[in-house]
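To start, the structure under review is shown below, and the notes come after it.
Residues: numbered from 1 along the sequence shown. Since the model is a prediction, treat every value here as computed from it, not as a measurement.
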Amino acid sequence: MKKFLAIKVFFWFWLTVLCTLSLLISVSLLQPDTLATKDISPPMLKNLFHLQRSIERHAERLPDKSIEHIISNRRHGKRAKVYLKHIESEKSLVSHPDLYDYDLALLNFALDGEPKAINTDKFRAYGPLKIHMRGDDFQLFMILDNREGDLFLKVRLMPQWLKLAIILFASMCLSYWFARGLLKPIKQLQTAAAKLAHGELNTRANVDIHRQDELGQLGKDFDSMASQLESQVLSQKRLIADISHELRSPLTRLQMATGIASSKASGDLDSYLQRIEKESQLLEHMLSDILQLSKLESGINHLAPHPISIIDLLAPVINDAEFESQQLKKTLSTNELPDAIIDGDEILLSRAIENIIRNALKYAKSQVRVTSLIAEHALVLTVSDDGPGVSDDMLDKLCIPFYRASQSRTPQNNSAGGFGLGLAIAQHAIKVHHGHIEFKNQQGLHVTLTIPLQQP
């Protein structure tokens with residue numbers, strides 16, 4: 001039978017109540033004998049005065065009888081026992097031997113006060129009233145057996161601050177224990193969902209398999225969903241990679257046939273063949289990018305990391321970018337390159353950085369700024385342009401393959417590489433080098449790459 005959350009909540013509520021009560025009782029048993037006082041009720045005060053007058057009359061009518069005999073053999077008030085407290089404790093008198101079992105010393109505090117109802121663990125007392133008999137002054141108390149349960153009376157007699165402290169402590173501890181057990185799988189699901197949203201398809205919630213409530217079932221359903229999603233995405237990527245790989249052979253043959261036909265053609269036919277050759281080169285470039293991206297995503301791209309000088313890495317890329325910026329009639333500005341060493345694959349990093357700079361040149365209005373510096377034992381490379389940028393809700397989508405921030409940016413009006421793959425390749429290339437890439441709008445698109453330096 002499943003332990004539904006409603007049953008768990010009901011169970012924990014009553015467990016908290018019972019544990020709190022048990023703790024109250026346990027602490028009360030450790031307390032010394034205590035008492036509680038309250039104002040005496042009018043009927044009971046009337047009975048107390050009646051008892052006083054009755055004892056005084058009997059003492060006057062029976063001068064030959066002792067006071068102890070009079071209070072022990074009176075005919076009324078079978079339940080009520082009498083305690084006559086004398087200033088000298090050895091002269092104090094009781095009407096029944098059972099009173100010797102009670103701690104009557106608890107009543108000493110009330111000798112000079114107004115009559116009160118006094119509750120203790122074992123008895124209830126009402127008094128005192130002053131009574132004068134045969135030359136002695138006594139304090140009269142009427143004693144009744146306490147018929148309330150000892151445990152609950154002890155709890156009731158505990159100080160209010162102590163009861164409040166116990167209730168707060170027990171309820172807070174048990175509530176925290178329950179809330180922690182309830183929120184743990186929710187936190188696991190939240191963390192797993194966040195990782196899954198960032199592309200970590202092998203993420204699982206890993207909720208306790210023995211948990212049979214709704215949260216346990218939710219965890220199992222989430223893991224099942226993540227497994228199916230991972231399988232479908234990997235199948236899709238594998239399919240795209242396989243198709244791209246298979247297309248390269250016929251594309252190569254097409255380019256060879258086009259080259260042969262171009263050597264023999266003339267006139268209008270030659271211009272058409274040149275167009276076919278240009279488009280086939282564009283298609284080959286796209287297939288190459290897809291295969292590269294597929295290798296990076298699947299982790300089968302075999303890196304050859306080795307120490308690389310940042311100057312040797314960036315200088316050729318920037319020189320090529322400066323030449324391209326001149327052709328586009330735009331300005332590319334840089335700072336002095338830092339002299340440091342990083343570990344990585346030079347070809348892969350060069351391509352990643354080149355893709356980002358070329359993307360900035362493509363969409364800049366007139367100027368691109370490339371800044372490199374060393375911060376926190378890492379190379380921080382920023383590439384910013386003065387273009388229109390992208391909307392904030394699209395920043396996180398720039399590295400999605402085949403995604404373009406503007407639908408008007410199609411391969412027909414861009415140079416090779418305008419298929420939305422350049423930034424995706426750059427992101428994965430930086431990621432396999434344990435770095436990260438960040439996009440933000442700052443008077444155009446501002447891209448920041450962070451790559452760790454060589455470990456000392």
Side-chain angles (χ1 to χ4, degrees), residues 1-19 170-244 290-301 390-405 420-421 423-432 434-439:
M1 179 180 178
K2 292 184 178 181
K3 298 178 181 179
F4 296 108
L5 282 179
I7 298 177
K8 280 191 173 182
V9 172
F10 178 83
F11 167 76
W12 275 100
F13 172 78
W14 283 108
L15 178 63
T16 301
V17 172
L18 292 175
C19 289
S171 59
M172 288 177 64
C173 290
L174 290 170
S175 297
Y176 172 77
W177 186 13
F178 172 63
R180 186 170 179 270
L182 189 65
L183 294 178
K184 182 180 178 181
I186 297 177
K187 183 65 176 178
Q188 289 176 292
L189 286 166
Q190 181 186 16
T191 303
K195 290 182 178 179
L196 195 64
H198 283 84
E200 300 181 30
L201 300 180
N202 60 342
T203 299
R204 300 295 181 268
N206 294 324
V207 176
D208 187 1
I209 59 174
H210 301 294
R211 192 175 186 120
Q212 300 297 319
D213 58 13
E214 289 88 343
L215 289 176
Q217 187 60 46
L218 179 60
K220 294 175 185 176
D221 292 343
F222 180 91
D223 288 346
S224 176
M225 176 197 70
S227 298
Q228 294 183 26
L229 182 62
E230 181 183 22
S231 176
Q232 292 176 4
V233 171
L234 292 179
S235 296
Q236 183 185 40
K237 291 179 179 179
R238 193 178 303 114
L239 177 62
I240 293 176
D242 291 344
I243 293 175
S244 301
I290 293 175
L291 290 173
Q292 179 68 47
L293 180 62
S294 177
K295 290 179 181 179
L296 289 171
E297 288 181 336
S298 61
I300 63 174
N301 192 77
V390 297
S391 60
D392 292 339
D393 58 339
M394 292 184 177
L395 287 175
D396 294 335
K397 302 177 182 178
L398 290 177
C399 291
I400 298 177
F402 302 106
Y403 177 83
R404 289 184 295 275
L421 294 171
L423 293 181
I425 292 174
Q427 183 193 47
H428 283 83
I430 299 300
K431 185 182 293 185
V432 298
H434 309 290
H436 66 271
I437 184 171
E438 180 184 4
F439 300 89

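- When the side chain to side chain contact (heavy atoms under 4.5 Å, CB included) test is applied to Gln190, the partners found at least two apart in sequence or on another chain are Lys187.
- Between Phe222 and Val207 there is no side-chain heavy-atom pair separated by less than 4.5 Å.
- The two residues Ala226 and Thr203 make their nearest non-hydrogen contact at CB-O, 3.7 Å.
- Here the side chain of Ser231 pairs no donor or acceptor atom with the backbone of Ser227 at under 3.5 angstrom.
- Counting heavy-atom neighbours within 6.0 Å of His436 NE2, excluding the residue itself, gives a total above 12.
- Separating the CG atom in Leu218 from the CD atom in Gln188 is a distance of 11.5 Å, to the nearest 0.5 Å.
- The distance from atom CG of Leu196 to atom OG1 of Thr191, rounded to the nearest 0.5 Å, is 12.5 Å.
- The CG atom of Asp223 lies 11.0 Å from the CD atom of Glu230; values are rounded to the nearest 0.5 Å.
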